[in-house]
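Working notes, beginning with the structure itself.
Order of the sequence lines sets the chain letters (A, B, ...), proteins ahead of strands, with each chain counted from 1.
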2 protein chains.
Amino acid sequence: MEKPIIEFINYIRQYSTLSNEAENAIVALARNETLAKGSILNKEGKTCKRLYFLKSGTVRTYFYQDGKDITHWIYPKNNMVTSWYSYLSQTPSKDYIETTEISEVISLTYTQWQELYTTFPELERFGRLLIEEQMALLDDFYKGYYFLSAKEKYQLLIKAIPNITQIANLGHIASMLGISQETLSRARK
Amino acid sequence: MEKPIIEFINYIRQYSTLSNEAENAIVALARNETLAKGSILNKEGKTCKRLYFLKSGTVRTYFYQDGKDITHWIYPKNNMVTSWYSYLSQTPSKDYIETTEISEVISLTYTQWQELYTTFPELERFGRLLIEEQMALLDDFYKGYYFLSAKEKYQLLIKAIPNITQIANLGHIASMLGISQETLSRARK
DNA sequence: AATAGATTTTGACATAAGTCAAAAATAACA
DNA sequence: TGTTATTTTTGACTTATGTCAAAATCTATT
């Protein structure tokens, strides 16, 4: 029998060694889905209950401000995806999470993870290291960001997500950078 | 005998239960210092080896961009302080960390924490929950931040750190928000 | 290949915020 | 309590980026 979860297991192994028991527990709980382009994983006002591993495809998180669709972040495949604030604090989200192309995701719920953390210390380690990495990324990305010109912001993003132009359109990228699409278009000239 | 570490132990207890053994291990390793105003805890180019608990006082992290001093974040007492990217990845920092008034800090090194995480699962839990909280804070704060006017940015900061005007001057606050001091002054009008 | 739809670029103009400089207000110190 | 230093505010002018609108380019489908 196939094990469609294997990529996720390998992903976890990059952070922490896994006992057979822990692996089996994850395999037993994980939900594996193939989603059409434009599928919504979570929406504004709903608490994000799941942490997703994006096995293939692309996911975008966004929210509405003054009626405008503003991209929060774009995730290429092989990333953990969720609405971090909502998921971690288990409070209603301000974000939408959507697939921008056909995507496969593997997920467990917040509650399941809490139990796994308690039962398997190696999974709590995974949880810690995963968030540490996300935190370091965010901390580094936003540092001094405000004082950069439109062009410099774009260059910084390219460094963080090199294939961003292949997986997202200009409008989404621009709002992610906090600049207008026209300005971004000119910055790339 | 006094236990000057007790505030830190209580802080940890907010996140995770602590066995006597774990508590003793921390007491044995923790370094307790009183620092004059303007003390530098870490500087640009040096890897931040310690995670600090700010028992009293105020700490500011900042970096230089085009020769300008730009505030990254300001920490009131009872917070964990470090240069997150540098500490978590153990690579050279871009930040300076300084006290802006006389302050007491309690700290352990990165290496010490790694050992504690392995020995005491309850401390690994603390480590995970601490970073999760920081991550949620950052994620929430920066969201949609770019599209706010100077005035709205200031209001958002006041919500995040209500006593900010008591513990930092306008120039530091302005650069933290990514706006000029003059604009901030006018925004507060 | 032709049509329709979506995305990106270009143009003209408006505006929030930056910069430099000086004045005013506040705090620190003798 | 007067003097100096530091911090904050105000003024005049400049500029990067936003906005609205239209043209150009790319993509998909029949």
Side-chain angles (χ1 to χ4, degrees), chain A residues 36-39 57-60 62-71 74 98-103 142-158 161 163-189, chain B residues 36-39 57-58 60 62-71 74 98-103 142-158 161-189:
Chain A
K37 171 178 174 170
S39 300
T58 306
V59 165
R60 179 176 78 102
Y62 64 97
F63 58 97
Y64 288 100
Q65 191 168 284
D66 306 324
K68 281 185 196 164
D69 170 326
I70 297 178
T71 299
I74 288 160
E98 70 157 19
T99 57
T100 60
E101 57 181 323
I102 184 171
S103 303
Y142 284 118
K143 191 174 304 176
Y145 192 82
Y146 315 136
F147 292 96
L148 301 178
S149 67
K151 191 180 206 165
E152 292 170 314
K153 286 178 186 173
Y154 182 64
Q155 290 168 340
L156 193 64
L157 178 61
I158 292 292
I161 311 177
N163 65 330
I164 188 76
T165 51
Q166 276 86 270
I167 64 175
N169 66 37
L170 263 206
H172 291 161
I173 295 172
S175 69
M176 184 177 171
L177 293 174
I179 59 183
S180 72
Q181 175 172 326
E182 294 92 331
T183 297
L184 177 56
S185 174
R186 288 175 177 119
R188 307 198 308 167
K189 82 158 149 324
Chain B
K37 171 178 176 172
S39 300
T58 306
R60 178 175 79 102
Y62 64 98
F63 57 97
Y64 288 100
Q65 191 167 283
D66 306 324
K68 282 185 196 164
D69 170 327
I70 298 178
T71 299
I74 288 161
E98 69 157 21
T99 57
T100 60
E101 59 180 320
I102 185 170
S103 303
Y142 284 118
K143 191 174 303 175
Y145 191 82
Y146 315 137
F147 292 96
L148 301 178
S149 67
K151 191 180 206 163
E152 291 170 315
K153 286 178 187 172
Y154 181 63
Q155 291 168 340
L156 193 63
L157 178 61
I158 291 292
I161 312 178
N163 64 330
I164 188 76
T165 50
Q166 275 87 270
I167 64 175
N169 67 36
L170 262 206
H172 290 160
I173 296 172
S175 69
M176 183 177 171
L177 292 174
I179 59 182
S180 71
Q181 177 173 325
E182 295 90 330
T183 298
L184 177 56
S185 174
R186 287 177 176 119
R188 306 198 309 167
K189 93 162 136 313

- prompt: Is A:Arg60 close to A:Met176 at the side-chain level, that is, under 4.5 Å between some pair of heavy atoms?
  reply: no
- prompt: How is B:Lys37 classified with respect to the nucleic acid when contacts are heavy atoms under 4.0 Å: base, sugar-phosphate, or nothing?
  reply: nothing
Members of residues 180-189 of chain B that approach DNA chain D, where some heavy atom sits under 4.0 Å away: B:Gln181, B:Glu182, B:Ser185, B:Arg186, B:Arg188
task: Specify the separation, in whole Å, of atom CD1 of A:Ile179 and atom C1' of C:dA16.
output: 16 Å
- request: Rounded off to whole Å, could you give me the CG-to-P distance for the B:Leu177 and C:dG18 pair?
  value: 11 Å
message: Without decimals, in angstroms, what is the distance between A:Leu170 CG and C:dT8 P?
response: 4 Å
message: If I take atom NZ from residue B:Lys153 and atom CG from residue B:Leu177, how far apart are they, to the nearest 0.5 angstrom?
response: 7.5 Å
query: Partners of A:Tyr145 by ring pair (Phe, Tyr, Trp, His ring centres under 6.0 Å), sequence neighbours excluded?
result: A:Phe141, B:Tyr146
B:Asp69 and B:Tyr64, any side-chain heavy atoms less than 4.5 Å apart: yes
- request: Report the distance from atom CD of A:Glu152 to atom C1' of D:dA16, rounded to the nearest whole Å.
  value: 12 Å
- prompt: Given axes from five pairs at either end, by how many degrees does the helix from C:dA1-D:dT30 to C:dA30-D:dT1 bend, rounded to 10°?
  reply: 50°
query: For B:Phe147 and D:dT17, what is the distance between atoms CZ and C1' respectively, to the nearest whole Å?
result: 12 Å
field: B:Asn169, nearest nucleotide to its side chain (from C:dT8, D:dG18, D:dT7)
entry: D:dT7
query: So, do A:Glu152 and A:Gln155 sit near enough that their side-chain heavy atoms are less than 4.5 Å apart?
result: yes
task: For C:dA16, take OP1 and OP2 only and decide whether either is under 4.0 Å from a side-chain N or O of B:Lys153.
output: no
- prompt: Just wondering, do A:Ile173 and A:Thr71 contact through their side chains at under 4.5 Å, heavy atoms?
  reply: no
- prompt: Taking OH from B:Tyr146 and P from D:dG18, how many angstroms apart are they, rounded to a whole number?
  reply: 13 Å
field: By side chain to side chain donor-acceptor pair (under 3.5 Å) - contacts of B:Ser39 (at least two apart)
entry: none
- line: Taken to the nearest whole Å, CD1/A:Ile173 to C1'/C:dT9 is 15 Å
If you look only at distance, which donor and acceptor atoms sit under 3.5 Å apart when one is on a side chain in residues 179-188 of chain A and the other is two or more places apart or in another chain?
unit_1, atom_1, unit_2, atom_2, d
A:Ser180, OG, A:Thr183, N, 3.2
A:Ser180, OG, A:Thr183, OG1, 3.0

field: Separation of atom CG in B:Leu148 from atom P in C:dA16, rounded to whole Å
entry: 15 Å
Can I get a per-line list of side-chain donor-acceptor pairs under 3.5 Å for residues 161-170 of chain B, giving both atom names and the distance, sequence neighbours left out?
unit_1, atom_1, unit_2, atom_2, d
B:Asn169, OD1, B:Gly171, N, 3.3
B:Asn169, OD1, B:His172, N, 3.0

